[in-house]
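Numbering of ligands and ligand atoms starts at 1, following listing order. The chain is numbered in sequence order, starting from 1.
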Amino acid sequence: MSEPAEDSIFEKALKRLDTARKYATIDEETIQRMQHPIQMLHVSIPVRMDNGTLKIFEGYRVRHDATRGPTKGGIRFHPQVNLDEVKALSLWMTCKCAVLDIPYGGAKGGVIVNPKELSPMELERLSRGFIDKVADFIGPDTDIPAPDVYTNERIMGWMMDEYSTITRRHSPGVITGKPIALGGSLGRSAATGRGAYYCIKELEAKRNWDPHQIRVAVQGFGNAGQSVAQLLHRDGYQIVAVSDSKGGIHRKEGFDIPSLMKTKNESRVLKAVYCEGSVCEAIAADKITNEELLELDVDLLIPAALENAITTENADRIQANVIVEVANGPVTLEADEVLDAKKKLIIPDILANAGGVTVSYFEWVQNRCGDYWSEEKVNTRLEQAMRQQFEVVYQLMEQHQISMRTAAYASALNRIGAAVAATGTARYFSGQE
Ligand code: GLU
(Lines give C-alpha, C1' and ligand atoms only; values in the text may rest on other atoms or scores of the structure.)
Protein backbone atom coordinates (compact mmCIF):
# COMPACT_ATOMS: atom_id res chain seq x y z
CA MET A 1 0.00 0.00 0.00
CA SER A 2 1.28 3.44 -0.85
CA GLU A 3 1.56 6.19 1.75
CA PRO A 4 -1.67 8.16 2.17
CA ALA A 5 -1.56 11.55 0.46
CA GLU A 6 -1.14 14.49 2.79
CA ASP A 7 -4.45 15.96 1.73
CA SER A 8 -6.29 12.63 2.16
CA ILE A 9 -9.72 13.39 3.53
CA PHE A 10 -9.81 9.98 5.23
CA GLU A 11 -6.56 10.76 7.09
CA LYS A 12 -7.96 14.12 8.12
CA ALA A 13 -11.13 12.45 9.35
CA LEU A 14 -8.95 10.19 11.53
CA LYS A 15 -7.21 13.24 13.01
CA ARG A 16 -10.54 14.37 14.41
CA LEU A 17 -10.87 11.03 16.19
CA ASP A 18 -7.38 11.49 17.53
CA THR A 19 -8.35 14.82 19.07
CA ALA A 20 -11.50 13.32 20.62
CA ARG A 21 -9.99 10.15 22.08
CA LYS A 22 -8.68 12.07 25.14
CA TYR A 23 -12.26 12.79 26.16
CA ALA A 24 -13.57 9.25 25.66
CA THR A 25 -13.13 6.19 27.83
CA ILE A 26 -11.83 3.75 25.25
CA ASP A 27 -9.16 1.18 24.67
CA GLU A 28 -6.40 2.01 22.17
CA GLU A 29 -7.70 -0.85 19.99
CA THR A 30 -10.80 1.21 19.15
CA ILE A 31 -8.67 3.80 17.32
CA GLN A 32 -6.67 1.03 15.67
CA ARG A 33 -9.88 -0.41 14.25
CA MET A 34 -11.13 2.97 13.03
CA GLN A 35 -7.96 3.39 10.97
CA HIS A 36 -8.77 0.41 8.73
CA PRO A 37 -12.05 -0.03 6.82
CA ILE A 38 -13.04 -3.68 7.03
CA GLN A 39 -13.83 -4.16 3.32
CA MET A 40 -13.43 -2.06 0.16
CA LEU A 41 -14.87 -2.96 -3.21
CA HIS A 42 -13.97 -1.25 -6.50
CA VAL A 43 -16.30 -2.09 -9.38
CA SER A 44 -16.67 -1.35 -13.10
CA ILE A 45 -20.22 -1.07 -14.39
CA PRO A 46 -20.78 -1.48 -18.14
CA VAL A 47 -23.86 0.48 -19.25
CA ARG A 48 -25.49 0.41 -22.71
CA MET A 49 -26.23 4.05 -23.52
CA ASP A 50 -29.37 5.14 -25.39
CA ASN A 51 -27.36 5.77 -28.58
CA GLY A 52 -26.12 2.19 -28.61
CA THR A 53 -22.57 2.82 -27.36
CA LEU A 54 -21.11 1.16 -24.28
CA LYS A 55 -19.85 3.21 -21.36
CA ILE A 56 -18.00 1.83 -18.35
CA PHE A 57 -18.57 3.59 -15.03
CA GLU A 58 -16.47 3.08 -11.92
CA GLY A 59 -17.88 2.74 -8.43
CA TYR A 60 -16.96 1.90 -4.85
CA ARG A 61 -18.50 0.47 -1.72
CA VAL A 62 -16.56 0.70 1.52
CA ARG A 63 -17.63 -0.97 4.76
CA HIS A 64 -15.82 0.84 7.51
CA ASP A 65 -16.69 -0.85 10.80
CA ALA A 66 -19.30 -3.42 11.82
CA THR A 67 -18.65 -3.72 15.56
CA ARG A 68 -22.00 -2.16 16.51
CA GLY A 69 -24.09 -3.83 13.80
CA PRO A 70 -24.55 -4.17 10.04
CA THR A 71 -22.91 -1.36 8.11
CA LYS A 72 -25.04 1.53 6.87
CA GLY A 73 -24.57 4.47 4.57
CA GLY A 74 -25.59 6.10 1.32
CA ILE A 75 -24.55 5.78 -2.31
CA ARG A 76 -23.66 8.97 -4.14
CA PHE A 77 -23.57 9.57 -7.88
CA HIS A 78 -21.13 12.40 -8.49
CA PRO A 79 -18.26 13.16 -10.90
CA GLN A 80 -15.85 13.80 -8.01
CA VAL A 81 -16.35 10.46 -6.24
CA ASN A 82 -13.04 8.76 -5.35
CA LEU A 83 -11.97 6.01 -2.97
CA ASP A 84 -10.42 8.35 -0.40
CA GLU A 85 -13.66 10.34 -0.19
CA VAL A 86 -15.81 7.20 0.11
CA LYS A 87 -13.53 5.93 2.92
CA ALA A 88 -13.92 9.20 4.81
CA LEU A 89 -17.68 9.20 4.30
CA SER A 90 -17.85 5.60 5.59
CA LEU A 91 -15.89 6.53 8.73
CA TRP A 92 -18.28 9.43 9.32
CA MET A 93 -21.19 6.98 9.03
CA THR A 94 -19.65 4.73 11.71
CA CYS A 95 -19.42 7.75 13.99
CA LYS A 96 -22.84 9.14 13.04
CA CYS A 97 -24.62 5.88 13.87
CA ALA A 98 -22.77 5.74 17.19
CA VAL A 99 -23.63 9.38 18.08
CA LEU A 100 -27.32 8.59 17.56
CA ASP A 101 -26.92 5.21 19.28
CA ILE A 102 -28.32 3.38 16.24
CA PRO A 103 -27.21 -0.29 16.14
CA TYR A 104 -25.21 0.03 12.92
CA GLY A 105 -21.65 0.37 11.76
CA GLY A 106 -20.71 2.65 8.87
CA ALA A 107 -20.35 2.28 5.10
CA LYS A 108 -20.57 4.39 1.96
CA GLY A 109 -20.69 3.92 -1.77
CA GLY A 110 -20.26 6.04 -4.83
CA VAL A 111 -20.24 6.00 -8.61
CA ILE A 112 -18.16 8.43 -10.68
CA VAL A 113 -20.85 9.99 -12.85
CA ASN A 114 -22.78 13.17 -13.43
CA PRO A 115 -26.31 11.77 -13.33
CA LYS A 116 -27.68 14.99 -14.83
CA GLU A 117 -26.05 13.94 -18.10
CA LEU A 118 -27.87 10.59 -18.23
CA SER A 119 -31.34 9.87 -19.58
CA PRO A 120 -33.80 8.29 -17.12
CA MET A 121 -33.30 4.88 -18.76
CA GLU A 122 -29.50 5.17 -18.64
CA LEU A 123 -29.79 6.11 -14.97
CA GLU A 124 -31.90 3.04 -14.30
CA ARG A 125 -29.40 0.77 -16.09
CA LEU A 126 -26.51 2.29 -14.12
CA SER A 127 -28.36 1.93 -10.78
CA ARG A 128 -29.22 -1.71 -11.46
CA GLY A 129 -25.72 -2.35 -12.84
CA PHE A 130 -24.10 -1.04 -9.66
CA ILE A 131 -26.23 -3.39 -7.52
CA ASP A 132 -25.37 -6.28 -9.81
CA LYS A 133 -21.69 -5.67 -9.00
CA VAL A 134 -22.08 -5.20 -5.23
CA ALA A 135 -24.88 -7.72 -4.61
CA ASP A 136 -22.62 -10.15 -2.70
CA PHE A 137 -21.33 -7.34 -0.54
CA ILE A 138 -24.63 -5.81 0.62
CA GLY A 139 -27.68 -7.33 2.35
CA PRO A 140 -30.28 -6.60 5.05
CA ASP A 141 -28.02 -8.17 7.70
CA THR A 142 -24.65 -7.05 6.39
CA ASP A 143 -24.59 -3.71 4.61
CA ILE A 144 -27.58 -1.47 3.92
CA PRO A 145 -27.25 1.40 1.42
CA ALA A 146 -29.40 4.55 1.19
CA PRO A 147 -29.56 7.77 -0.84
CA ASP A 148 -26.80 10.37 -0.74
CA VAL A 149 -25.72 13.24 -3.02
CA TYR A 150 -27.56 13.06 -6.41
CA THR A 151 -29.33 9.78 -5.66
CA ASN A 152 -32.99 9.65 -4.70
CA GLU A 153 -36.01 7.51 -3.82
CA ARG A 154 -36.54 6.25 -7.34
CA ILE A 155 -32.94 5.07 -7.60
CA MET A 156 -33.30 3.28 -4.24
CA GLY A 157 -36.44 1.59 -5.58
CA TRP A 158 -34.61 0.30 -8.67
CA MET A 159 -31.74 -0.89 -6.50
CA MET A 160 -34.01 -2.77 -4.09
CA ASP A 161 -35.85 -4.34 -7.02
CA GLU A 162 -32.58 -5.42 -8.63
CA TYR A 163 -31.29 -6.94 -5.39
CA SER A 164 -34.60 -8.78 -4.89
CA THR A 165 -34.38 -10.14 -8.45
CA ILE A 166 -30.79 -11.33 -7.96
CA THR A 167 -31.52 -13.00 -4.62
CA ARG A 168 -35.00 -14.24 -5.68
CA ARG A 169 -36.39 -12.85 -2.45
CA HIS A 170 -38.36 -9.67 -1.83
CA SER A 171 -35.83 -7.75 0.22
CA PRO A 172 -37.05 -4.28 1.20
CA GLY A 173 -34.62 -4.24 4.16
CA VAL A 174 -31.55 -4.20 1.87
CA ILE A 175 -31.82 -0.49 1.20
CA THR A 176 -33.50 2.53 2.79
CA GLY A 177 -34.85 5.79 1.43
CA LYS A 178 -37.15 3.87 -0.93
CA PRO A 179 -40.41 5.21 -2.36
CA ILE A 180 -43.30 4.71 0.11
CA ALA A 181 -45.00 2.40 -2.42
CA LEU A 182 -41.97 0.08 -2.30
CA GLY A 183 -41.61 -0.13 1.47
CA GLY A 184 -40.16 3.28 2.23
CA SER A 185 -40.92 5.03 5.51
CA LEU A 186 -43.14 8.04 5.93
CA GLY A 187 -41.00 10.96 7.01
CA ARG A 188 -37.74 9.61 5.51
CA SER A 189 -37.39 12.14 2.71
CA ALA A 190 -37.56 15.13 5.08
CA ALA A 191 -35.65 13.40 7.89
CA THR A 192 -32.15 14.84 7.34
CA GLY A 193 -33.43 18.41 7.36
CA ARG A 194 -35.84 17.69 10.20
CA GLY A 195 -33.04 16.24 12.34
CA ALA A 196 -30.98 19.41 11.81
CA TYR A 197 -34.05 21.46 12.68
CA TYR A 198 -34.38 19.71 16.08
CA CYS A 199 -30.72 20.50 16.79
CA ILE A 200 -31.39 24.17 16.00
CA LYS A 201 -34.49 24.12 18.26
CA GLU A 202 -32.34 22.79 21.10
CA LEU A 203 -29.92 25.64 20.60
CA GLU A 204 -32.77 28.13 20.32
CA ALA A 205 -33.92 27.11 23.81
CA LYS A 206 -30.39 27.29 25.26
CA ARG A 207 -29.68 30.70 23.77
CA ASN A 208 -33.18 32.15 24.19
CA TRP A 209 -33.43 33.04 20.53
CA ASP A 210 -36.39 34.86 19.05
CA PRO A 211 -36.63 33.07 15.66
CA HIS A 212 -37.80 36.29 13.96
CA GLN A 213 -34.45 37.89 14.77
CA ILE A 214 -32.35 35.06 13.38
CA ARG A 215 -31.08 35.43 9.80
CA VAL A 216 -30.22 32.21 8.04
CA ALA A 217 -28.28 31.35 4.87
CA VAL A 218 -28.61 27.88 3.33
CA GLN A 219 -25.98 26.65 0.87
CA GLY A 220 -27.51 23.82 -1.18
CA PHE A 221 -31.23 23.74 -1.87
CA GLY A 222 -31.58 19.99 -2.40
CA ASN A 223 -33.57 17.59 -0.27
CA ALA A 224 -31.98 18.34 3.11
CA GLY A 225 -31.48 22.08 2.56
CA GLN A 226 -35.11 22.52 1.53
CA SER A 227 -36.53 20.61 4.50
CA VAL A 228 -34.55 22.46 7.14
CA ALA A 229 -35.27 25.83 5.47
CA GLN A 230 -38.97 25.04 5.30
CA LEU A 231 -39.23 24.06 8.97
CA LEU A 232 -37.23 27.08 10.15
CA HIS A 233 -39.26 29.43 7.93
CA ARG A 234 -42.48 28.05 9.42
CA ASP A 235 -41.19 29.00 12.89
CA GLY A 236 -40.42 32.57 11.79
CA TYR A 237 -36.68 32.33 11.05
CA GLN A 238 -35.58 34.73 8.30
CA ILE A 239 -34.12 32.69 5.44
CA VAL A 240 -32.24 35.49 3.67
CA ALA A 241 -30.12 33.48 1.22
CA VAL A 242 -30.22 30.13 -0.54
CA SER A 243 -28.17 28.63 -3.35
CA ASP A 244 -27.88 25.58 -5.55
CA SER A 245 -24.95 24.32 -7.64
CA LYS A 246 -25.48 27.12 -10.15
CA GLY A 247 -25.49 30.03 -7.68
CA GLY A 248 -27.65 31.76 -5.11
CA ILE A 249 -30.11 34.52 -4.28
CA HIS A 250 -30.06 36.96 -1.36
CA ARG A 251 -32.81 39.16 0.03
CA LYS A 252 -32.51 41.04 3.32
CA GLU A 253 -36.25 40.72 4.06
CA GLY A 254 -36.07 36.93 3.69
CA PHE A 255 -37.72 34.51 1.27
CA ASP A 256 -41.00 32.65 1.29
CA ILE A 257 -39.52 29.15 1.28
CA PRO A 258 -42.60 27.22 0.02
CA SER A 259 -42.58 29.52 -3.05
CA LEU A 260 -38.89 28.85 -3.76
CA MET A 261 -39.42 25.12 -3.32
CA LYS A 262 -42.37 25.09 -5.69
CA THR A 263 -40.48 26.71 -8.59
CA LYS A 264 -37.23 24.85 -7.90
CA ASN A 265 -38.94 21.47 -7.84
CA GLU A 266 -41.12 22.20 -10.88
CA SER A 267 -38.55 23.90 -13.12
CA ARG A 268 -35.24 22.80 -11.48
CA VAL A 269 -34.27 26.47 -11.39
CA LEU A 270 -33.76 28.46 -8.21
CA LYS A 271 -35.61 31.75 -8.64
CA ALA A 272 -36.55 34.63 -6.32
CA VAL A 273 -40.35 34.35 -6.46
CA TYR A 274 -43.43 34.71 -4.35
CA CYS A 275 -46.30 32.36 -5.20
CA GLU A 276 -49.96 32.63 -4.39
CA GLY A 277 -51.66 29.42 -5.32
CA SER A 278 -50.21 28.38 -8.64
CA VAL A 279 -49.23 31.90 -9.70
CA CYS A 280 -45.61 32.87 -8.99
CA GLU A 281 -44.25 36.37 -9.38
CA ALA A 282 -40.62 37.41 -9.47
CA ILE A 283 -39.45 39.44 -6.46
CA ALA A 284 -36.38 41.65 -6.07
CA ALA A 285 -33.29 39.83 -4.84
CA ASP A 286 -29.52 39.95 -5.37
CA LYS A 287 -27.80 37.19 -7.33
CA ILE A 288 -24.84 35.84 -5.37
CA THR A 289 -22.29 33.07 -5.78
CA ASN A 290 -22.03 30.10 -3.48
CA GLU A 291 -18.84 31.56 -2.04
CA GLU A 292 -20.52 34.89 -1.31
CA LEU A 293 -23.41 33.14 0.41
CA LEU A 294 -21.05 31.56 2.94
CA GLU A 295 -19.60 34.95 3.89
CA LEU A 296 -22.89 36.81 4.37
CA ASP A 297 -23.70 38.72 7.53
CA VAL A 298 -26.16 36.18 9.00
CA ASP A 299 -26.61 34.48 12.37
CA LEU A 300 -26.95 30.91 11.22
CA LEU A 301 -25.12 29.36 8.28
CA ILE A 302 -26.28 26.00 6.96
CA PRO A 303 -23.88 24.38 4.49
CA ALA A 304 -26.04 21.66 2.92
CA ALA A 305 -24.11 20.89 -0.27
CA LEU A 306 -20.76 19.10 -0.47
CA GLU A 307 -17.51 18.62 1.48
CA ASN A 308 -14.88 21.32 1.83
CA ALA A 309 -17.13 24.37 1.39
CA ILE A 310 -15.36 26.18 4.25
CA THR A 311 -11.57 26.01 4.09
CA THR A 312 -8.68 28.17 5.33
CA GLU A 313 -9.30 30.27 2.20
CA ASN A 314 -12.61 31.64 3.47
CA ALA A 315 -12.88 30.60 7.15
CA ASP A 316 -11.83 33.96 8.56
CA ARG A 317 -14.47 35.73 6.49
CA ILE A 318 -17.36 33.64 7.85
CA GLN A 319 -19.60 36.00 9.80
CA ALA A 320 -22.27 33.61 11.11
CA ASN A 321 -21.78 32.69 14.76
CA VAL A 322 -23.46 29.32 14.40
CA ILE A 323 -22.80 26.81 11.60
CA VAL A 324 -25.02 23.77 11.21
CA GLU A 325 -23.39 21.12 9.03
CA VAL A 326 -26.20 19.54 7.06
CA ALA A 327 -23.71 18.38 4.39
CA ASN A 328 -21.09 15.78 5.27
CA GLY A 329 -17.69 17.37 5.89
CA PRO A 330 -18.40 20.96 4.74
CA VAL A 331 -15.74 22.42 7.09
CA THR A 332 -12.16 21.22 6.65
CA LEU A 333 -9.95 20.17 9.54
CA GLU A 334 -7.82 23.31 9.14
CA ALA A 335 -10.83 25.63 8.87
CA ASP A 336 -12.14 24.19 12.15
CA GLU A 337 -9.18 25.72 13.98
CA VAL A 338 -9.84 29.16 12.53
CA LEU A 339 -13.53 28.99 13.42
CA ASP A 340 -12.92 27.54 16.90
CA ALA A 341 -10.49 30.37 17.65
CA LYS A 342 -13.26 32.82 16.76
CA LYS A 343 -15.62 31.00 19.15
CA LYS A 344 -18.03 29.98 16.41
CA LEU A 345 -20.34 27.14 17.37
CA ILE A 346 -20.41 24.33 14.81
CA ILE A 347 -23.11 21.69 15.16
CA PRO A 348 -21.11 18.93 13.46
CA ASP A 349 -22.32 16.80 10.56
CA ILE A 350 -22.22 13.52 12.48
CA LEU A 351 -24.93 14.97 14.75
CA ALA A 352 -26.65 17.66 12.65
CA ASN A 353 -27.38 15.50 9.60
CA ALA A 354 -27.94 12.22 11.46
CA GLY A 355 -31.73 12.49 11.14
CA GLY A 356 -31.49 10.82 7.73
CA VAL A 357 -29.85 7.64 8.93
CA THR A 358 -32.02 7.62 12.05
CA VAL A 359 -35.19 7.39 9.96
CA SER A 360 -33.39 4.94 7.64
CA TYR A 361 -33.04 2.76 10.71
CA PHE A 362 -36.78 3.16 11.42
CA GLU A 363 -37.48 2.19 7.81
CA TRP A 364 -35.36 -0.96 8.14
CA VAL A 365 -37.11 -1.88 11.40
CA GLN A 366 -40.51 -1.45 9.67
CA ASN A 367 -39.36 -3.54 6.68
CA ARG A 368 -38.19 -6.32 8.96
CA CYS A 369 -41.38 -6.39 11.03
CA GLY A 370 -43.76 -5.75 8.14
CA ASP A 371 -45.46 -3.24 10.43
CA TYR A 372 -45.61 0.32 9.13
CA TRP A 373 -45.63 3.44 11.29
CA SER A 374 -47.56 6.71 11.00
CA GLU A 375 -45.61 9.81 10.02
CA GLU A 376 -46.33 11.18 13.47
CA LYS A 377 -44.70 8.18 15.13
CA VAL A 378 -41.64 8.50 12.87
CA ASN A 379 -41.26 12.22 13.60
CA THR A 380 -41.82 11.80 17.34
CA ARG A 381 -39.20 9.08 17.59
CA LEU A 382 -36.81 11.14 15.47
CA GLU A 383 -37.33 14.20 17.67
CA GLN A 384 -36.69 12.18 20.84
CA ALA A 385 -33.51 10.69 19.42
CA MET A 386 -32.11 13.96 18.11
CA ARG A 387 -32.86 16.00 21.22
CA GLN A 388 -31.52 13.31 23.55
CA GLN A 389 -28.22 12.89 21.69
CA PHE A 390 -27.84 16.65 21.19
CA GLU A 391 -27.93 16.93 24.99
CA VAL A 392 -25.35 14.17 25.47
CA VAL A 393 -22.98 15.93 23.08
CA TYR A 394 -23.68 19.40 24.47
CA GLN A 395 -22.95 18.25 28.01
CA LEU A 396 -19.67 16.63 26.98
CA MET A 397 -18.76 19.91 25.27
CA GLU A 398 -19.46 21.93 28.41
CA GLN A 399 -17.88 19.43 30.78
CA HIS A 400 -14.54 19.38 28.91
CA GLN A 401 -14.71 22.86 27.35
CA ILE A 402 -14.18 21.41 23.89
CA SER A 403 -15.75 22.04 20.50
CA MET A 404 -19.09 20.45 19.79
CA ARG A 405 -17.40 18.44 17.04
CA THR A 406 -14.83 16.96 19.42
CA ALA A 407 -17.64 16.23 21.89
CA ALA A 408 -19.66 14.43 19.20
CA TYR A 409 -16.66 12.29 18.27
CA ALA A 410 -16.02 11.56 21.96
CA SER A 411 -19.62 10.41 22.36
CA ALA A 412 -19.26 8.19 19.25
CA LEU A 413 -15.97 6.76 20.50
CA ASN A 414 -17.50 5.94 23.90
CA ARG A 415 -20.14 3.79 22.21
CA ILE A 416 -17.87 2.18 19.63
CA GLY A 417 -15.28 1.61 22.35
CA ALA A 418 -17.84 -0.14 24.57
CA ALA A 419 -18.63 -2.56 21.72
CA VAL A 420 -14.93 -3.15 21.02
CA ALA A 421 -14.29 -3.80 24.72
CA ALA A 422 -17.20 -6.24 24.88
CA THR A 423 -15.56 -8.35 22.19
CA GLY A 424 -12.37 -8.45 24.30
CA THR A 425 -9.24 -6.33 24.00
CA ALA A 426 -5.60 -7.06 24.88
CA ARG A 427 -6.34 -6.01 28.45
CA TYR A 428 -8.93 -8.76 28.77
CA PHE A 429 -6.87 -11.43 27.04
CA SER A 430 -3.83 -10.69 29.18
CA GLY A 431 -5.93 -11.03 32.32
CA GLN A 432 -5.98 -7.36 33.29
CA GLU A 433 -9.75 -7.12 33.42
N1 GLU B 1 -26.50 9.50 3.02
C2 GLU B 1 -27.06 9.85 4.29
C3 GLU B 1 -25.96 10.23 5.26
O4 GLU B 1 -24.89 10.62 4.88
C5 GLU B 1 -28.02 8.81 4.82
C6 GLU B 1 -27.43 7.47 5.08
C7 GLU B 1 -28.46 6.43 5.45
O8 GLU B 1 -29.63 6.75 5.58
O9 GLU B 1 -28.06 5.27 5.58
O10 GLU B 1 -26.16 10.23 6.44
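Scanning Asp148, Ile102, Asn328 for the heavy atom closest to atom 1 (N) of ligand 1 points to Asp148. Of the candidates Arg76, Met93, Lys72, Met156, it is Lys72 that places a heavy atom closest to atom 9 (O) of ligand 1. By heavy-atom distance, the residue among Gly106, Gly73, Pro147, Ala146 lying nearest atom 2 (C) of ligand 1 is Pro147.
In Glu363, neither the side chain nor the backbone holds a heavy atom less than 4.0 Å from any atom of ligand 1.
Around the NZ atom of Lys55, the shell of radius 6.0 Å holds no more than 12 heavy atoms that belong to other residues, nucleotides or ligands.
Atoms of ligand 1 found under 4.0 Å from any heavy atom of Lys108 (numbered from 1 in listed order, with element): 1 (N), 3 (C), 4 (O). Shown in contact with Ser360 at under 4.0 Å from a heavy atom are these atoms of ligand 1, numbered in order with element: 7 (C), 8 (O), 9 (O). Residue contact check: Lys96 has heavy atoms under 4.0 Å from atoms 3 (C), 4 (O), 10 (O) of ligand 1. Contact atoms of ligand 1 toward Val357: 7 (C), 8 (O), 9 (O) (distance under 4.0 Å to a heavy atom of the residue).
In this structure, Lys206 forms a cation-pi arrangement with Tyr394, its terminal cationic atom sitting closer than 6.0 Å to the ring centre and no more than 45° off the ring axis.
Looking at Glu307 and Arg76, a side-chain N of the basic residue comes within less than 4.0 Å of a carboxylate O on the acidic one, giving a salt bridge. The existence of a salt bridge linking Asp101 and Arg415 is confirmed by a sub-4.0 Å separation between a basic side-chain nitrogen and an acidic carboxylate oxygen.
When hydrogens are left out, the protein atom nearest atom 5 (C) of ligand 1 is Arg188 NH2, 3.6 Å; that is the closest non-hydrogen contact.
Side chain of Asn414 to main chain of Thr25: a donor-acceptor pair is present (N/O by atom type, distance under 3.5 Å, no hydrogens or angles). Put simply, the side chain of Arg68 gets close to the backbone of Ile102: a donor and an acceptor are under 3.5 Å apart.
The aromatic rings of His42 and Tyr60 are tilted relative to each other, their planes meeting at an angle between 30° and 60°.
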